[in-house]
Engineer: 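There's a structure below that I have some questions on.
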Amino acid sequence: MSAQRPLATAVARRRWTIRAQLVALVLAVALPASGLLAYALIGAAQEARTAALAQVQFLASSSASRIEDVIRDGQAALDGLARRPRVRALDARDCDPLLEHMVAARPGYTTLTLRDHTGRAVCSSRPDPVGTESTRFPWFAQALASARPGVGDAWLHPRTGRWVSLLYHPLTDDGGLVAGVLGLSVDVRTLQDHLFGSLPAHALVSVLDRRNHFLMRSIDPDRWIGQPLPATQAATVGSRRGGETFETTGVDGVTRFYAVATVPSAGWTVFAALPAGEVLAPQRARLARTAGLGIAVFLVALALAYGIGSAIARPIGRLARAAAGALQESGRPFEVAEGSAEIEAVASELGRLAAERERQRGERAALVAHYERLLKSARDIYLLIDGEGRIADFNDAALEAYGAAPETLRGRPLIELRAPECRAAYESDWRKAEAAGGGLFDTVHLHADGSRFPVEVSTSTLVIDGEVFRQAFIRDITARKAAEDTLRRQNAELDRFNRAAVGRELDMIELKRRINALSRELGRDPPYPLGFLEADDDGRPGGAAP
């Protein structure tokens, strides 16, 4: 009985047993580590989300830019046609052959029709144009009301049954009144296949017109083209503006990351999206694996602490009891040969946790580097401009275009890249970047050798660490300008040839008339049948008998 007294006294005086202290130590280490791990995982999830939003934002802006290019090309072609005398004459007997050639040369264009102000089809690229009922069509009413070129919304063509959008160009007389309208039908499904046929299967690009009707949708287009945006989605995305990004559930019930861009010349809205589940699936899988590993490490450490505490407590208890017994037995010695277990398993698990975290850090760095490489290797010039108008960052295309070394281009005032005659419009052009959806303008830039080249600049603003920057995607449009100049020259040459050919034909007809008159005076039959031009006194062509 007396042998148990020292141990019982020691236990009564202690607040914590060795086992409880080791468990508390494990908890003291594990809880902050768990917080740090959770913080790292949340940061990784936010980085993956930010990268996904940047990807859909680029997809939206590039899609809107491609649509804008198609519309501008079509409007430029209509403007060129509207200046041709044979088009302005509105003569159904003398139609300009370029109407057919223009439709055949471009994908997506279906019909080009010239109508007078009453809606009557004067000339057309197809033999069966819609008749005067065109006055009831929205695009025709818009053309008459605005007297300016424009783009119509989604419209079901009554003859083909296909959804189209009309590019229209009014023809005004000397008094400024609309005398006729050039209307170019664009098959939106064909145009969609041309523009977005190479998108990944999970990527979605939708284009809504000004009435929030679908013009294009890269996934399931036959179901949605021409249909209005459902009320549920309209309440969520109807008020979104260009440059915005968000996450929502689409009309097909799939949750996606969305980005918005606008087509300025048409007033259309472009929504680009990627499925949230597919985009974040790798990150979520890593999160589950890391969380599971963390829980496993915590349980192992807790079990080890409990086991180590028990292993330490048992020999100490036996030693106390042996010491008490030895005192009663006249001091005979007693030895205890027990020790604690090794903790290599815990070290191994912690090593695995560190390796997993390092692998995640490497994957995040690789993802960031991937998007940086995409931007650096883009074909268009990319410039990032700070608040003082100096170049803060650029891609490889900028170095190649301007022929400058990186150290000379970084920090250089952006206005110095402009040709001297274009610098007066610098401030007004860049104020467009502050508008919703950014700005788009043309100007002329300088190579390192002083030579000029025309560019198209798409601008927008962004905030990095609380500082406002402006970014610009710059496209060299030298080839497009050259093509426009070539088209203008060819139109002028064709016009001169038409005038020369018509004048020669009139001279030949006049000569044949004189020969016919001389033949009648000599009592002979006229050798040339000109009944389609001449008429006798009774109004019968060629003097034909009744």
Engineer: Does the ring centre of His447 sit less than 6.0 Å away from the ring centre of Phe453?
Structural biologist: yes
Engineer: Do the side chain of Gln471 and the main chain of Leu383 share a donor and acceptor less than 3.5 angstrom apart?
Structural biologist: no
Engineer: Sequence neighbours excluded, which residues qualify as side chain to side chain contact (heavy atoms under 4.5 Å, CB included) partners of Glu467?
Structural biologist: Asp386, Phe469
Engineer: Knowing that exactly one of Arg470, Arg418, Arg423 qualifies, which makes a salt bridge (charged side-chain N to carboxylate O under 4.0 Å, His left out) with Asp429?
Structural biologist: Arg418
Engineer: Any sub-3.5 Å donor-acceptor pair from Ser165's side-chain atoms to Gly152's backbone N or O?
Structural biologist: yes
Engineer: Is there a donor-acceptor contact under 3.5 Å from the side chain of Ser206 to the main chain of Arg217?
Structural biologist: no
Engineer: Testing Arg49, Gln57, Arg240 one by one against Thr245 for a side chain to side chain contact (heavy atoms under 4.5 Å, CB included), which residue passes?
Structural biologist: Gln57
Engineer: Would you find a donor on one side and an acceptor on the other, under 3.5 Å apart, between the side chain of Ser125 and the backbone of Leu112?
Structural biologist: yes
Engineer: Could you go step by step and tell me if Glu456 and Arg480 meet the salt bridge (Lys or Arg N to Asp or Glu O under 4.0 Å) rule?
Structural biologist: CA-CA 10 Å; Glu456 179 185 74; Arg480 191 178 81 189; 3.5 Å; yes
Engineer: Look at the side chain of Glu244 and the backbone N and O of Arg241, then say whether any donor-acceptor pair between them is shorter than 3.5 Å.
Structural biologist: yes
Engineer: Taking side chain to side chain contact (heavy atoms under 4.5 Å, CB included) as the definition, give me every residue that meets it alongside Val181, ordered by chain and number, with sequence neighbours left out.
Structural biologist: Trp139, Phe140, Ala143, Leu144, Tyr168, Val178
Engineer: Atom CD1 of Ile385 and atom CZ of Phe394: how far apart are they, to the nearest 0.5 Å?
Structural biologist: 12.0 Å
Engineer: Excluding sequence neighbours, so at least two apart, what forms side-chain hydrogen bond (donor to acceptor under 3.5 Å, both in side chains) with Thr408?
Structural biologist: none
Engineer: For residues Tyr402 and His445, report the shortest heavy-atom separation together with the two atoms involved.
Structural biologist: OH-ND1, 2.7 Å
Engineer: Mark yes or no for whether Asp393, through its side chain, and Leu384, through its backbone, hold a donor-acceptor pair below 3.5 Å.
Structural biologist: no
Engineer: Using the salt bridge (Lys or Arg N to Asp or Glu O under 4.0 Å) rule, collect all pairs that involve residues 138-157, keeping only residues at least two apart or in two chains.
Structural biologist: Asp153-Arg210, Asp153-Arg211
Engineer: Could you list the residues that satisfy side chain to side chain contact (heavy atoms under 4.5 Å, CB included) with Ala60, not counting sequence neighbours?
Structural biologist: Ala259, Ala261, Ala272
Engineer: Going through the checks in order, is the salt bridge (Lys or Arg N to Asp or Glu O under 4.0 Å) test met by Arg256 and Asp252?
Structural biologist: CA-CA 11 Å; Arg256 295 181 174 92; Asp252 52 3; 2.9 Å; yes
Engineer: Who pairs with Glu427 by side chain to side chain contact (heavy atoms under 4.5 Å, CB included), at least two apart in sequence or on another chain?
Structural biologist: Arg431
